[in-house]
Number of protein chains: 2
Amino acid sequence: MTGLRERKKQRTRDALIVAAHELFVTQGYESTTVDQIAEAVDVSQRTFFRYFTNKEEVALFLQNMVERLYYEAVCARPVAEPPLECLRSTLDDVWDDVGVAVEEITPLDLYLKMCQVIEVTPSLLAAHLRHSLLMEEKLVQEVARRTGVDADQDPRPRVLVAAFTGVMRTAARQWSMRSDASLETAREVTRDYTAQLSPALGSDWGRRR
Amino acid sequence: MTGLRERKKQRTRDALIVAAHELFVTQGYESTTVDQIAEAVDVSQRTFFRYFTNKEEVALFLQNMVERLYYEAVCARPVAEPPLECLRSTLDDVWDDVGVAVEEITPLDLYLKMCQVIEVTPSLLAAHLRHSLLMEEKLVQEVARRTGVDADQDPRPRVLVAAFTGVMRTAARQWSMRSDASLETAREVTRDYTAQLSPALGSDWGRRR
DNA sequence: AGGATAATGACAGTCGCTGACAATTGACAA
DNA sequence: TTGTCAATTGTCAGCGACTGTCATTATCCT
């Protein structure tokens with residue numbers, strides 16, 4: 001389980017992530033070559049591609065981890081809770097866990113700066129959106145499960161999740177452009193944006209159709 | 001305006017689009033090389049990259065054109081119309097124009113098949129989502145203009161557009177997986193999906209805040 | 001200790017994409 | 001018509017992302 005081999009692999013993987021993030025943040029994503037990342041960790045380029053299928057993957061590694069964390073937190077919520085409230089308050093709760101999880105791999109500050117890099121790098125933003133779409137679909141299924149409806153018949157799970165994630169994307173974008181981007185401001189911004197969401201969405205979720 | 005030079009350029013551009021689409025549809029996007037496309041039109045690879053900045057662009061050319069068409073149709077609507085109704089009925093109207101516009105460049109059938117290719121090709125889907133995000137932002141501004149609100153203060157334009165485009169993405173995905181994908185079925189599917197959207201979104205748009 | 005197994009490095013090759021420069025072709029005036 | 005200018009194109013060289021292959025090294029297990 002925790003053999004030398006495993007630990008070594010984990011360490012090089014983390015080292016690659018940290019080195020890549022530092023380079024991306026300082027020189028930008030496009031102008032950083034995979035060779036530079038590999039050299040910084042003193043492995044061959046070939047080894048890099050054994051850990052990550054492509055350059056995007058290492059750049060979005062933490063982002064994807066955070067999204068997965070959020071999804072799992074949503075699933076762990078009591079089913080009785082109304083779905084929108086569930087999505088919203090999970091967000092409010094999850095930031096501390098995110099901080100802890102990220103810092104097991106890399107300094108938090110590096111992750112925060114990387115979020116900005118993702119927003120301003122077209123190819124990264126594209127890959128990020130695609131991955132988010134997969135997560136959205138999983139959220140739709142979870143919301144459908146909780147409310148006992150079929151997502152293929154009843155459009156409300158998709159409408160709810162689409163609206164929620166859409167607003168969240170906007171919130172994330174606004175937040176990433178702030179100079180004081182931190183977990184605290186992230187919590188504030190998401191709280192503000194999602195608070196305005198409830199009145200805009202119909203609250204008569206209880207009725208079928 | 002219509003010199004030989006202009007016409008020749010237009011023709012090679014269209015030929016590149018058609019050739020690329022045929023290859024993408026028959027062999028898949030990833031396994032088609034730019035060299036193959038260029039060879040099919042009998043131009044150099046370098047020339048291809050003078051017409052399109054990258055391989056994605058030629059694959060998404062029609063898709064982007066269609067989205068632009070839709071956006072312009074939305075802007076041309078009477079301002080008095082409620083925004084959701086505007087987005088919805090524009091969609092209902094625009095399909096014929098889409099068919100005409102596409103067929104000026106390539107057979108309609110090729111475009112319909114290409115839509116499926118986009119959905120199943122990760123890198124194309126990603127690029128498509130990124131482009132759609134830009135279009136969404138433009139729609140948000142247009143909705144804000146029509147309703148006389150500030151999209152940076154009032155979240156309702158973003159909520160509305162996010163929900164609408166989110167549901168539309170779902171509709172597009174469902175439609176693209178059908179064996180009888182055509183403009184008629186596209187109109188039907190989008191009509192169905194968007195019709196279910198109104199009740200899910202609050203209709204008290206008139207009130208501020 | 002030693003053989004099975006997994007991780008790595010080295011190398012060659014493909015493909016997307018770009019810069020530079022020369023050759024060609026259409027536009028336009030003398 | 002012809003000569004000049006500008007736009008378009010082809011050729012070539014090169015970079016960077018990514019992959020297959022095979023020999024080498026390092027861990028694991030008995």
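In the text below, chain A, chain B and the rest are named by the order of the sequence lines, each starting its count at 1.
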SB check B/Asp109 B/Lys113 (cutoff 4.0 Å): yes

Sugar-phosphate, base or nothing in reach of A/Tyr51, heavy atoms under 4.0 Å: sugar-phosphate

B/Gln27, CD: over 12 other non-hydrogen atoms inside 6.0 angstrom: yes

Value in whole Å for how far the C1' atom of C/dG16 lies from NZ of B/Lys55: 8 Å

Value in whole Å for how far the P atom of C/dG16 lies from CG of B/Asp35: 7 Å

Heavy-atom contact window of chain B on DNA chain D, given 5' to 3' at under 4.0 Å: D/dA6 to D/dT11

Net bend of the helix from C/dA1-D/dT30 to C/dA30-D/dT1, end axes of five pairs each, nearest 10 degrees: 10°

Atom pair distance, as rounded to whole Å: CZ in A/Phe49 and C1' in C/dC11: 15 Å

Distance-only donor-acceptor test, B/Arg46 side-chain atoms vs C/dG19 base atoms, 3.5 Å: yes

Pair B/Arg187 + B/Asp96: basic N to acidic O under 4.0 Å: yes

Polar contact flag, side-chain donor to acceptor under 3.5 angstrom, A/Arg178-A/Thr185: no

Whether A/Thr170 side chain and A/Gly166 backbone form a donor-acceptor pair below 3.5 Å: yes

Minimum-distance nucleotide to B/Arg5 side chain [options: C/dC21, C/dG26, C/dT5]: C/dG26

Donor-acceptor contact present, side-chain A/Lys55 to main-chain A/Tyr29, <3.5 Å: yes

Protein-nucleotide distance (A/Gln45, atom CD; C/dG13, atom P), rounded to Å: 16 Å

Distance, rounded to the nearest Å, where B/Arg11 contributes CZ and C/dT25 contributes P: 15 Å

Interatomic distance where CG belongs to A/Asp42 and P belongs to C/dT8 [whole Å]: 12 Å

Pairing of B/Glu142 and B/Arg146 as salt bridge, 4.0 angstrom limit: yes

Between B/Glu67 and B/Ser132: side-chain donor-acceptor atoms closer than 3.5 Å: yes

Touch class at under 4.0 angstrom, heavy-atom based, for B/Thr32 against every strand present: sugar-phosphate

Position toward the 5' end of DNA chain C (nearest nucleotide), B/Glu56 or B/Arg50: B/Glu56

Any A/Lys9 side-chain nitrogen or oxygen under 4.0 Å from OP1 or OP2 of C/dA7: yes

Sugar-phosphate, base or nothing in reach of B/Ser31, heavy atoms under 4.0 Å: nothing

B/Arg158/B/Asp152 salt bridge by N-O under 4.0 Å criterion: yes

Interatomic distance where CD belongs to A/Glu6 and C1' belongs to C/dA7 [whole Å]: 11 Å

A/Phe52 CZ to C/dT8 P, straight-line distance once rounded to whole Å: 12 Å

Side-chain donor-acceptor pair present, B/Arg156, B/Thr147, cut-off under 3.5 Å: no

Touch class at under 4.0 angstrom, heavy-atom based, for B/Ser44 against every strand present: base

